[in-house]
Amino acid sequence: MIPFEYRRAEDTDSAVAAVEEAPRAVFLAGGTNLVDHLKLGITAPEELVDVTALPLDTIESTPDGGLRIGATVRNSDLAASPPVRERYRALSLALLSGASAQLRNRATTGGNLLQRTRCPYFQEVTTPCNKRSPGTGCSALHGHNKNHAVLGASDSCVATHPSDMAVAMAALDGTVHVRSSRDERTIPVTELHRLPGEQPHRDTVLERGELITAVDLPPLPEGTYTAYRKVRERASYAFALVSVAAVLRVANGVIDDVRLAFGGLAHKPWRAGTAEERLRGAIPEEATFREAAEAELSVARPLADNAFKIPLARNTLGAVLRDLTTEVLR
Amino acid sequence: MTQDVGSGAVGSPVERLDGQAKVTGNAPYAFEQLTEGAVYLHPLRAPVARGRVTEMDTSAAEAVGGVRAILLAGQVEQLDTRDRELAVLQSREVAFRGQYVGAVLATTPENARHAASLVRVSCAASPPDVALEGDRADLYAPEVVNPRFGTDTEQGDTDSAFEEAAYFIDRTYRTPMEHNNPMEPHATVAHWDGGELSLYDSTQGAHSVRATLAPLFGLPTDRVRVQAPHVGGGFGSKGLPHANVVLAALAARSVPGTPVKFAVTRQQIFTVAGHRTPTIQRIRLGATRSGELTAITHDVVEHTSRIKEFAEQTAVPTRNMYRAANRRTTHRLAALDVPVPSWMRAPGECPGMFALESAVDEMARECGQDPVEFRIRNEPSEDPETGLPFSSHNLATCLRRGAEGFGWYDRNAPARSSPDAAGWIPGVGVAASTYPVFRSPGSRALVLAEGSGRYRVSIGAVDIGTGARTALTQIAADALGTEVSAIDLRIADTALPYANVAGGSSGTTCWGTAIHEAAGKLRAEHGSAPLPGASAEGETTSNPESGRFAMHAYGAQFAEVRVHADTGEVRVPRMLGVFAVGRVINPRTARSQFLGGMTMGLSMALHEEAVLDHELGHVVNQDLAEYHIATNADVGAIEITWLDEQDPHVNPMGSKGIGEIGIVGTAAAVANAVQHATGVRVRQLPITPDKLIS
Ligand SMILES: Cc1cc2nc3c(=O)[nH]c(=O)nc-3n(C[C@H](O)[C@H](O)[C@H](O)COP(=O)(O)OP(=O)(O)OC[C@H]3O[C@@H](n4cnc5c(N)ncnc54)[C@H](O)[C@@H]3O)c2cc1C
Ligand code: SF4
C-alpha cells in the first residue's frame, strides 16, 4: 500500500474542493472496494477524502411521493428502511442479495454505484488490462471469461458491472444527483455507467472530482409490484451470474407498466428496453415473457465461457415476471 | 492387541480444552508470537509463468522508510537441497507464475508491501504450458503415487470381461484444480539467534518442519526449534513446509537476532501452499445381467509441477472398494508450468471416489437396480487386491442404516420429478465413503507422574483445530485410569518427543498409540500410584497386524438436492452421513470432523474450482470472492451418525482416522442426486448452473 494522506471532509463544498485541488485525490466512502484496490495496487491515490461524515446520510420522502437517498446511507440501513421495503421492494432485495452483512454495514449508496468491476484480471496488476492500464490489452477477452459480459461489450473490455443495487435503481428509474465546485447536475441511473467502447478505463460519465450526493427514486403508481432475482453460484456472498430487477403493473388483464433491468450481463446495469416494449400492452403470460427476453437478448454476443448467460437471463426474466404476475393477480 | 476400557475418558464428549481460549482470542497463533522488534516480510513474485528473471531493480524500494533488507533470487546463501520447491531464491529460473523471486523486510507490513511493489522485476519469458488434457503426448507414469502406492495395477483380463459383460459403461469424469484454504493463512515467525533457528509456524507437523529445514540450512536438528501452539486449519496444505517457510527462515538469517514475520496472503495461498491437481478419470465398468461387477478400470490423468513431482493416488480406492475379478488402475501425469500440487484433504480418495461413486450410480441405473442394494451386492468379502481379510468392514450396515434414516426407500423412483411452485425440482443421491487406516512408526510420548494423581504427558504433536489436544488428553486419562482434568498435556513443540505429522487421518493413531504405550509402561513399572518424578516413554511401532489385515474406514452419504428448473441453481437442504470408523474417542469433536468433511465435500460438489489462465499461467480466481467455498447459506441440515464398530487390529484404542473420510463421497452423492432430480448427469465438478441450464 502506498503512503497517502487522509482527510475527513465536514461539508460537501470542502470535500469537492479537496478532490479538485489535488490531482490524485479521491473520495473514500465505506472503503470496501477502494481499500482493497489500494492493497492490490490497482490504484495509488495520494489523498483520500473521507465523505462519510458529510450530511448525506438520510432517506427522505420527496414532495412528489418519491424517495431521496443520501449518498452516504449505508447499504444495510437502506435495505432495512421502511419506505424502501414497502414501496421499492426490488431495491431492498437487491441490496440484501449483495456482499455480506459486514460489508453492507460499511458500504454506501455512492460507493456501491461506483464500485468497480470484479474482473479478476483487473484485480491482478501483473496482467494486461485496458481498464486498469489503458492500451495494455484485455486478458479476459480470450482468457477466463465465464463471469463477463454478453451485451454491449467491446474488444477492449468485456467486464461487467458488479452492483446489485444499481440494477434495481436502473429499473426503478432512479436519478443520481452529482455536484462539483462549478455546478450540480442530475443523471439517470441508466446513463451513469458507460459501455466500454474504446475507453474502458472510464466506468461512468462522471468527471473527476464530481461527488454523488443522492439518488432520487420517483414514486410508483398504485398497484405496481417490484422484484429482484439474483442467480449466483452459491446461495449467498457471490456476485450475480445474472440478475433481474423488474417493475410490473397489470391493468385490465394487460401489462400497463413494465420496467426491467439485467445485472451481470454488461458493463452497466442493462435496462431491457426492447423487452419492455414488447411487453407493454401484452397479456402477461409465459410465452410472451420468453419472446420479450429473446428479443432483448438477440443482440447478445457470448464469449468462450459465458454462452450459458443468455438462456439463463431469458429463463430468469421469465421466472421473475411469472412470479410477479402471480402476485399481481392474487 | 486389546482394547482398554480405562477410566471412561475415551468415548465421552469432552468439550475442547482450548475452546474457550480460542473463542475469546486468548489462544495465540503463529503470527502473534515474538512481536517485539520484529520485521515483516513481503515476497516478490514472478510475474511470468515460465522463463527467467533477468533483472531486479530495487532502487525505489530501498528508499522506502523502514526497509531493513531485500533478498533477491540468485543472490542469497546457498541452501542444501535438491527439492526445487524448497530451493527458494536459489536460481532465477521461473517454474510457475507467482513463484518467490525475492523478499523485502521492513519494520511494518505496509512498508514491506509498498517497497515490494516498487521492485521492478524483468523477465525473459516463454509461453507457459498449463493445460491438462487426457491425450497429451507427454503423459508419463510416475514411479509411485502418494504416499507409496504402486502406480498401476492389473488383475485378470478386463478387455475380455468388458466384451462379455451384459452391461457396460465407459465414462470420463473431471475434477478441477482445488485449493485448501484454511481459515488461518500460512504464517511463520522465524528467528536466528546465535546459530540457532527457532520458528513459530502454522504447520501440521512441528517435527516435520524441523526435519526439512535443518539440513536445508546445514544445521544439526537440535539447533532448530519449531513450535505451533495453535493452528487454524491445514487440510494438508500445512502438512509439509512449503516455500513460504523456507523464505521466512532464509530472510531471518539475513537479519540475525531479529524475528521475521511472514503471513502469506490469501492470494499467495493459490500459488505457494499446494493444491489438489485437476483430474481426468476414465472409468469403465462391466456387470452381469444380475448386476455383479465383473470388470473395473480406472485410468487417471493429472498434473504435477515441472520442478517437483506430486502424484495424487486418485485410482487407489478403486483397488479395493468393490468385488470384480478383472481390474486395472493407472495414473499418468503431465508435468506443467504450474505451482507444486500437494496434499489436500483425502488426496486420492476424494477425487477418485467422486468418479467411482458416480460411475457405480450410473451402472446401478443401467442394471435397473437400487444404488444402495447394488453397492451391497458388489461388496468384496476380502481385499480384492491382496486377498487379505478386512480388519472390519461395515459398509453394508452404513448403507442400510443410512437408507433407513434418510427415507431412501420413500424416494421417487424415476428420475426427473416436476418442479414445485417456486421452480425447485427435488432429488436424492447416495455414495459410499472410504479411507485407509494409516499408521506410521516413530511417534514417542513421555508420561511423567507429577504427584497427587497428576500426570504430565508430552508429545510434539500439533492440534490443527481438529481437537487433537482434547482427544490425546482423553487417551492419556483413559490409559492412566484417571480423569481428563488430571492430565497436563504438552504438545506442538520440537522440544518435546517426536511426533508424526497430522496427516493421513493418522494423528490420533500415531500419537495416541505412543501415549498408550507410555502410560502402560508407567503403570507396569511404577504401579497405579507412581511417585512424583516417575516417568516412562512409549513409542509407536508399525502395526504388527498390518500384514494380516486390510484396514479401512467406511461410510455412506445421502444427499437431498433441489435444482431450480429455470436457473440450474443447486441447493442441498439435507445430508446424512453414517460412518464405521472403529471406536470414536470424542463424539463431540468427531462429529465436527465429519460435519466439516461433508461440508467441504459439498463445497467441492457445488463450488470449488481454481481456473488457470492458459496464456498467463496463473490461477485467475485467486481470492475467496472468486474461488467459491460453501457459505453457511449453502449448508443445510447435516446429520451424522456412526456405528459402534469394534476393531481390535488397528491400534490399542480401536480407532480409525476420521479427519478425511467425511469429504470422500459427498460430491458423488450430490451429483447422483442432481441426476435423480433432473436426469442430467454432471461428470465435471463443480456442479454449477451453467452445466444444468437449457
Ligand atoms: C467480498 C465482497 C463481495 C461483494 N459482493 C457484492 C455483491 O454481491 N453485490 C454487490 O452489489 N456488491 C458486492 N460487493 C461490493 C460492495 O457492494 C461495494 O464494495 C460497496 O458497495 C462499495 O461501497 P463503499 O461505500 O465501501 O465504497 P468505497 O470503496 O469507499 O468507494 C468505491 C468508489 O466509489 C467512490 N465514491 C464513494 N463515494 C462516492 C461519492 N459519494 N461520490 C463520488 N465517488 C464516490 C470512491 O472514490 C471509490 O472509487 C462486494 C464486495 C466485497 C469486498
Ligand atoms: S474485461 Fe475489462 S477489466 Fe477485464 S481484463 Fe479486459 S479490460 Fe480489464
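Residue numbers begin at 1 in each chain, while the letters A, B, ... track the order of the sequences.
Taking 4.5 Å as the limit, every side-chain heavy atom of Glu124(A) sits out of range of all side-chain heavy atoms of Gln267(B). Residues Pro120(A) and Asn621(B) form no side-chain contact, since every pair of their non-hydrogen atoms from C-beta on lies 4.5 Å or further apart. Side-chain contact between Asn315(A) and Ile693(B) is present, with at least one heavy-atom pair separated by less than 4.5 Å.
Between Asp690(B) and Lys309(A) there is no salt bridge, since no side-chain nitrogen of the basic residue lies less than 4.0 Å from a carboxylate oxygen of the acidic one. Under the 4.0 Å criterion applied to side-chain N and carboxylate O atoms, Glu569(B) and Arg229(A) are assigned as salt-bridge partners.
Among the candidates Val619(B), Leu616(B), Val620(B), the single residue satisfying the side chain to side chain contact (heavy atoms under 4.5 Å, CB included) test with His144(A) is Val620(B).
For the 3.5 Å distance criterion, the side chains of Arg97(B) and Thr126(A) qualify, holding a donor opposite an acceptor.
For the pair Leu624(B) and Arg234(A), the tightest heavy-atom approach, listed with the atom from each and the gap, is O-NH2, 3.4 Å. Considering every non-hydrogen atom in both Asp613(B) and Gly143(A), the closest pair reads OD2-CA, 3.8 Å.
Within a 6.0 Å radius of CG in Asp57(B), more than 12 heavy atoms belonging to other residues, nucleotides or ligands are found. Within a 6.0 Å sphere centred on CD of Glu47(A), heavy atoms belonging to other residues, nucleotides or ligands number more than 12. Enclosure of atom CZ in Arg278(A) is not indicated, since only 12 or fewer non-hydrogen atoms of other residues, nucleotides or ligands lie within 6.0 angstrom. Remark: His614(B) NE2 is packed, more than 12 non-hydrogen atoms of other residues, nucleotides or ligands lying under 6.0 Å away. Heavy-atom contacts from other residues, nucleotides or ligands closer than 6.0 Å to CD of Glu46(A) number more than 12. The number of heavy-atom neighbours closer than 6.0 Å to CZ of Arg120(B), taken from other residues, nucleotides and ligands shown, is 12 or below.
Using a 4.5 Å cut-off between heavy atoms, Asn147(A) touches chain B through its side chain atoms alone. Contact annotation for Leu312(A): both backbone and side-chain heavy atoms come within less than 4.5 Å of a heavy atom of chain B. Contact of Val611(B) with chain A is made through the side chain alone, with heavy-atom distances under 4.5 Å. Both the backbone and the side chain of Thr567(B) have a heavy atom closer than 4.5 Å to some heavy atom of chain A. For His618(B), the part sitting under 4.5 Å from any heavy atom of chain A is the side chain, from C-beta outward, and nothing else. Residue Arg118(A) touches chain B through both its backbone and its side chain, counting heavy-atom pairs closer than 4.5 Å.
The choice from Leu612(B), Asp566(B), Val635(B) that makes the most heavy-atom pairs within less than 4.5 Å of chain A is Asp566(B).
The contact list for residues 625-634 of chain B toward chain A, using heavy atoms and a distance under 4.5 Å, reads Ala625(B), Glu626(B), His628(B), Ile629(B), Thr631(B), Ala633(B), Asp634(B) by residue number.
Side chain of His607(B) to main chain of Glu233(A): a donor-acceptor pair is present (N/O by atom type, distance under 3.5 Å, no hydrogens or angles).
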